[in-house]
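A quick write-up on the structure given underneath.
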Amino acid sequence: MANIERLRVFAAHTVQSVARHGQDEAAVLSAITPALATLVSRDDFLPEAYAKPHPQYYQQYLLYGDPAQNLSIVSFVWGPGQKTPVHNHRIWGLVGILRGGELSTDYTEHEGKLVPGETQLLSPGRVVAVSPRLGDIHQIANAHDDTVSISIHVYGGNIGRVRREVFLPETGEVKPFISGYANSDVPNLWAA
Ligand code: FE2
C-alpha cells in the first residue's frame, strides 16, 4: 500500500513554501527543490491509480491542487517510447524523476527559430526546473522503449488549465494547448 503520508507531508511543505515566499520564484524553487528530491528518492508513496500508463498517450494525473490555484502537484506517466510535444508552461515548474528515466531537451529562441540544446538523461532522484525566467520550452521523452517512466511535477498554478503552446520547430508552427488532467478524482492525502 502507498505511503500516502509522505505525499501529504510534501504537499504541506509546498503549500507553506508558496505562502511564505509568494511571488519570489527563486525562493519558492529553493524551498521546494530539496523536498521534491527527498520525495522522489523513495518510490513508495504513489497510489497505483496514478501510476497507470495509457497505451497511446502519456498521462498527467493531478495529485493535489490548492483551491486558490496557486500550485498543483502532478504525476506524469510515460508508457514505453512516449514523449511530449515541444511545449511551454508559462508558470514555474519542478520535475522530479521517480521511476525509469527521462530524456529532456531544452529549446531556446534564436532569430525567431527554436533551437534544441543538448538532450539530458534524467535518472530517478533528479530534480530540474522550468519557468519563463529560467527557460520555459522543452520536450520530455521516456528514455526507455520497454518500460514505464514516471516523474512528479510541481507547478506555480493550475497547470491543467493554463493556456500555453506546443511548437513544431521544423515548420515554426505554434498551436494553443490546454493539457487538462487524466483523472477526475484525487488521492485522499488524509487517509493515513
Ligand atoms: Fe514540461
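In this chain, numbering begins with 1 at the start of the sequence shown. Both counts, for ligands and for their atoms, begin at 1 and track the order of listing. Quick caveat, the model's predicted, so the values are computed rather than measured.
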key: Closest non-hydrogen atom pair, Tyr61 against Lys52   = OH-O, 2.6 Å
query = How is the N/O/S atom of His89 that comes nearest to the Fe ion (ligand 1) named?
reply = NE2
message = Looking at Phe177, I want to see if its CZ is surrounded by more than 12 non-hydrogen atoms of other residues, nucleotides or ligands under 6.0 Å.
response = yes
query = Is the distance between the Fe ion (ligand 1) and the nearest N/O/S atom of His138 smaller than 2.8 Å?
reply = yes
note = CZ of Arg90 to CD1 of Ile159, rounded to nearest 0.5 Å, is 11.0 Å
request  = Have a look at His87 and say which of its N, O or S atoms is nearest the Fe ion (ligand 1).
outcome  = NE2
message = Does any part of the side chain of Leu63, heavy atoms only, come nearer than 4.5 Å to the side chain of Ile152, both counted from C-beta?
response = yes
